[in-house]
Amino acid sequence: MIVVGVDGSRAGLEAVDWAAGEAALRDVPLRVVHAIPRWACETEQARYAEVARWMRQGAETVLAAGVERAHRQQPKLTVETGILPGDPRAALIREGEGADLLVVGNHGLGAVRGLLVGSVAYGVAGHATCHVVVVRQAPAVRAGEIVVGLDGSPRTVHVLEFAVAEASLRGADLRAVHVWNRYETGGGFQPIPDDPYQDEQNEIRQLKESLAGWRERYPDVTVIEEIVKGHPVDVLREAARRADLLVVGSRGRGELAGMALGSVSQAMLHHAPGPLAVVRTPR
């Protein structure tokens, strides 16, 4: 099952569009959910009963709009709904347990003006136990390409597994982007001058080792290797401009234990030009 959170905002409905298409590709049901305060779900006290009833009715209206949007995209799709009690972030994280995918918009109602990603999307991407897709304005025209960011860490296998399977589902090419650079501190950041040719050859070897076996497992997917020297955020943002989906790991090489998200995945939440999949990887 795919779970998508809605809140009545345009971003939430765009998330429904993407989630409905994904559910149809995977041939699984779609569950559209909306969170309201716990007291509004539980209170029967006369003093607050009318307000609670009004909030529940508002939630039903939001859910109905989500269902209508999903069926407009995929008329034959099985769609369920649910009103979740509590803080939207915690409620969505609980709802995502056991789901194939949890989908949210990049912004929702009440988002602070000037922020590039809403607190709900940020919290869910950092703490959900399942894979999360944050939808930021899906491409109007299908590009036929999935971009995955790789760093050579042991967690790469989980990120690739998701990305290759997604490309196969969509009949898309997979662009595997390995970004590298070598820096040292002291007097500012400067490239290390030691044998840049050997450095590049090591990175090429890492990428080929990461991709070993995946072409055989998914012969229908064309894999394009791309090795770029630069800053991961800049390189992935540029690569994603021509993609249907950007896939990154929740944490990468060198990330500190205890971090909810790695630095690159955090940055891509703010700067990815389109839908972003954050693949849950073991700590």
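Positions are given from 1, in the same order as the sequence printed here. Computed from heavy atoms alone, side chains included, the values below leave out hydrogens, waters and symmetry copies. Treat the numbers as computed from the prediction; the structure is a model and nothing was measured.
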Testing the basics here: between V62 and G8, what is the closest heavy-atom pair and its distance to 0.1 Å?
CG1-N, 3.5 Å
Can you hop from V6 to I36 via hydrophobic side chains spaced under 4.5 Å?
yes
Flag yes if V223 and I204 sit in one hydrophobic cluster, no otherwise; membership is Ile, Leu, Val, Met, Phe, Trp, Tyr, and two members link when side-chain heavy atoms are under 4.5 Å apart.
yes
So, taking the atom named OG1 in T78 and the one named CE in M1, what distance separates them when rounded to the nearest 0.5 Å?
9.0 Å
Shortest non-hydrogen separation from V221 to A167 and the atoms involved:
CG1-CB, 3.9 Å
Less than 4.5 Å apart, side chain to side chain, heavy atoms only: is that true for V164 and V148?
no
Starting at CG of D151, measure out to CD of E203 and round the result to the nearest 0.5 Å.
10.0 Å
Distance-only, no hydrogens or angles: does the R56 side chain make a donor-acceptor pair with backbone N or O of A40 under 3.5 Å?
yes
Might you work through the salt bridge (Lys or Arg N to Asp or Glu O under 4.0 Å) test for E209 and R205, ending with a clear yes or no?
CA-CA 6 Å; E209 288 176 353; R205 176 181 51 79; 3.2 Å; yes
Can you tell whether the side chains of E166 and R26 come within less than 4.0 Å, N to carboxylate O?
yes
What is the minimum heavy-atom distance between G96 and C130, and which atoms define it?
O-SG, 3.4 Å
Could you tell me the separation between the NE2 atom of H231 and the CG atom of L236, rounded to the nearest 0.5 Å?
10.0 Å
Could you go step by step and tell me if N106 and L276 meet the side chain to side chain contact (heavy atoms under 4.5 Å, CB included) rule?
CA-CA 10 Å; N106 70 306; L276 170 72; over 6 Å; no
Counting only heavy atoms not in D27 (residues, nucleotides, ligands), do more than 12 fall under 6.0 Å from its CG?
no
Heavy-atom donor-acceptor pair, R136 side chain to G274 backbone, under 3.5 Å:
no
Nearest atoms (heavy-atom pairs only) where V3 meets A99
CG2-CB, 4.0 Å
Report whether V67 and V135 are members of the same hydrophobic cluster (ILVMFWY, side-chain heavy atoms less than 4.5 Å apart, transitive linking).
yes
Same cluster or not: V233 versus V134, using hydrophobic residues (I, L, V, M, F, W, Y) connected whenever any side-chain heavy atoms lie under 4.5 Å apart?
yes
Pairwise side-chain contact, Y122 with V120, heavy-atom cut-off 4.5 Å (strictly under)
no
What distance separates L30 CG from L101 CG, expressed to the nearest 0.5 Å?
10.5 Å
Between R69 and E14, does any NZ, NE, NH1 or NH2 come within less than 4.0 Å of an OD or OE carboxylate oxygen?
no
Taking side chain to side chain contact (heavy atoms under 4.5 Å, CB included) as the definition, give me every residue that meets it alongside Q73, ordered by chain and number, with sequence neighbours left out.
D17, A20
Which distance, rounded to the nearest 0.5 Å, do you find between the CH2 of W214 and the CG of L174?
10.5 Å
How close do V4 and A19 get, heavy atom to heavy atom, and via which atoms?
CB-CB, 3.8 Å
Got a sec, which residues hit side chain to side chain contact (heavy atoms under 4.5 Å, CB included) with E225, two or more places apart in sequence or on another chain?
L207, K208, L211, R215
Side-chain heavy atoms of S210 within contact of H178, under 4.5 Å
no
Given side chain to side chain contact (heavy atoms under 4.5 Å, CB included), test N202 with Q206 step by step and report yes or no.
CA-CA 6 Å; N202 289 337; Q206 280 191 15; 5.6 Å; no
Can you list the steps and then say if E95 with L102 is a side chain to side chain contact (heavy atoms under 4.5 Å, CB included)?
CA-CA 9 Å; E95 192 70 18; L102 178 57; 5.8 Å; no
Where is the tightest heavy-atom contact between G230 and V179, given as atom of each residue plus distance?
O-CG1, 3.3 Å
When you compare the side chain of V103 with that of E22, does any pair of heavy atoms fall below 4.5 Å?
no
Take E145 and R170 through the test salt bridge (Lys or Arg N to Asp or Glu O under 4.0 Å) and record every step on the way to the result.
CA-CA 9 Å; E145 183 173 287; R170 295 169 175 267; over 6 Å; no
Side chains of P273 and R237: closer than 4.5 Å at any heavy-atom pair?
yes
Excluding sequence neighbours, so at least two apart, what forms ring-ring contact (aromatic ring centres under 6.0 Å, His included) with H131?
F162
Could you state the interatomic distance from CE (M268) to OG (S263), rounded to the nearest 0.5 Å?
11.5 Å
Check: H34 side chain, E60 main-chain N or O, donor-acceptor pair, under 3.5 Å
no
Tell me whether V248 is reachable from I224 by hopping between hydrophobic residues (I, L, V, M, F, W, Y) whose side-chain heavy atoms are closer than 4.5 Å.
no
Is the backbone of I2 close enough, under 3.5 Å, to the side chain of D100 for a donor and an acceptor to pair up by distance?
no
If we ignore hydrogens and angles and just use 3.5 Å, is the side chain of S250 paired with the main-chain N or O of R280 as donor and acceptor?
no
